[in-house]
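Computation of the quantities below employed the complete heavy-atom set of this structure, encompassing side-chain atoms and omitting hydrogens, waters and symmetry-equivalent molecules. Residue numbers begin at 1 in each chain, while the letters A, B, ... track the order of the sequences.
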Protein chains: 2
Amino acid sequence: MNLYDYVKIFKALGEPTRLKILKLLSVRPMFVCELKSVLHMSQPRISQHLQIMKGAGVVTEKKDAQRTFYSLQIDYLDKTFNNLIQFFHHDLANLPQFKEECLRLERLDSDTDVYLCKKGENRTR
Amino acid sequence: MNLYDYVKIFKALGEPTRLKILKLLSVRPMFVCELKSVLHMSQPRISQHLQIMKGAGVVTEKKDAQRTFYSLQIDYLDKTFNNLIQFFHHDLANLPQFKEECLRLERLDSDTDVYLCKKGENRTR
DNA sequence: TATTTATATAATTATTTGCTTATTAAATGA
DNA sequence: TCATTTAATAAGCAAATAATTATATAAATA
């Protein structure tokens, strides 16, 4: 799980309509038309939010004739949260994504004479 | 913690620049100018993201002369994640925010003759 | 078969967000 | 005191997002 996977999942969670849909799906899996009836929102609005959440992995769908049955993936959510906390505990040096940042931070920490932001743009030595 | 608190926190996490800043703050608390040096990003960009994260409670600041020292609030994050999982396990009837939705869902579930989405707009009976 | 139901998707518009540049202000130092 | 460092904030703009309306399609049903 990389940084952009987290972004996708947290983007999916960071919107009120989507959180409401997720809460309803936590009661029980539902069809789109049920969500529509319960939330009193337009069908495209609900479908579009469901597509975003499906893309992030927080819900799954199962076709049933002309209807689609959506379920909350609470275990996946739980796993994601634990992974993020672990991500924050990981050594920066082991995250290839942060290679450059790691080098610059090491230079910053090893050199006590360093001026943080000098005239002449972002010098770290 | 209500739905909009969650939205604020997850919005704060659902952005790549902010997640990068948080990862760096997980190594150790930092000044804005240090984040700037390490990330090679403009100072306003970093400050603006920090304000959003401060508003969501995921970082805290401490003034030190002309500098500002930012810390990751990992315990708060951890608590938030646990709270959200709990939120999904709560009985819908105990969430005032979902009063209307709860009523409509109960009607839906109690009446087996219900047509999900009938002609004549969102009828649930 | 024609109509209705269920859902996805496209097009459009309005709002929000993220970034840059510019400005301000406070603390530091020559 | 005047220049520098640090950081917040404002203004402006481009890109992304969320909602509506309009279509399209497939399955169910009268």
Starting from [atom2] on [N], measure out to [atom1] on [X] and report it in whole angstrom.
| X | N | atom1 | atom2 | answer |
| --- | --- | --- | --- | --- |
| B/Arg67 | C/dA25 | CZ | C1' | 18 Å |
| B/Asp64 | D/dA7 | CG | P | 9 Å |
| B/Phe69 | D/dT6 | CZ | P | 15 Å |
| A/Phe31 | D/dA26 | CZ | P | 20 Å |
| B/Leu50 | D/dT9 | CG | C1' | 14 Å |
| A/Lys63 | D/dT25 | NZ | P | 14 Å |
| A/Gln66 | D/dA27 | CD | P | 9 Å |
| B/Met53 | D/dA8 | CE | C1' | 15 Å |

_For residues 17-32 of chain B, which residue pairs pass the salt bridge (charged side-chain N to carboxylate O under 4.0 Å, His left out) check, not counting sequence neighbours?_
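The answer is A/Asp109-B/Arg28, B/Arg28-B/Glu34.
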_Distance, nearest 0.5 Å, that separates CD1 of B/Ile21 from CG of B/Leu35_ = 6.0 Å
*asked:* If I take atom CZ from residue A/Phe98 and atom CG from residue A/Leu103, how far apart are they, to the nearest 0.5 angstrom?
replied: 13.5 Å
Distance-only donor-acceptor hits, side chain of residues 68-75 of chain B, under 3.5 Å, sequence neighbours excluded:
from: B/Thr68; atom 1: OG1; to: B/Lys63; atom 2: NZ; distance (Å): 3.1
from: B/Tyr70; atom 1: OH; to: B/Gln51; atom 2: NE2; distance (Å): 3.2
from: B/Tyr70; atom 1: OH; to: B/Glu61; atom 2: OE1; distance (Å): 3.3
from: B/Gln73; atom 1: OE1; to: B/Thr60; atom 2: OG1; distance (Å): 3.2

*Do A/Tyr4 and B/Leu19 touch side chain to side chain, with heavy atoms closer than 4.5 Å?*
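A/Tyr4 vs B/Leu19: side chains apart.
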Under 3.5 Å, which donor-acceptor pairs do the side chains of residues 5-12 of chain A form with other protein atoms, sequence neighbours left out?
from: A/Asp5; atom 1: OD2; to: A/Asn2; atom 2: N; distance (Å): 3.0
from: A/Tyr6; atom 1: OH; to: A/Asn83; atom 2: O; distance (Å): 3.2
from: A/Lys11; atom 1: NZ; to: B/Gly14; atom 2: O; distance (Å): 3.2

*asked:* Can you pull out the residues from residues 54-62 of chain B that lie within a 4.0 Å heavy-atom distance of DNA chain D?
replied: B/Glu61
_Where protein sits on nucleotides 18-24 of chain D, one letter per nucleotide: B base, S sugar-phosphate only, - none, heavy atoms under 4.0 Å_ = SBBBB--
*Any side-chain N or O of B/Tyr70 less than 4.0 Å from the OP1 or OP2 oxygen of D/dT6?*
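Result: no.
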*Verify the contact: side-chain N or O of B/Thr68 to OP1 or OP2 of D/dA8, cut-off strictly under 4.0 Å; return yes or no.*
yes
*Might you work through the side-chain contact (heavy atoms from CB on, under 4.5 Å) test for A/Ile85 and B/Phe81, ending with a clear yes or no?*
CA-CA 10 Å; A/Ile85 299 296; B/Phe81 293 158; 4.0 Å; yes
*For A/Thr17 and A/Arg45, test the side chains for any donor-to-acceptor distance below 3.5 angstrom and give the result as yes or no.*
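Yes, because at least one side-chain N or O of A/Thr17 sits under 3.5 Å from a partner of the opposite role on A/Arg45.
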*Could you tell me which residues satisfy side chain to side chain contact (heavy atoms under 4.5 Å, CB included) with A/Asn94, sequence neighbours excluded, listed by chain and number?*
A/Asp91
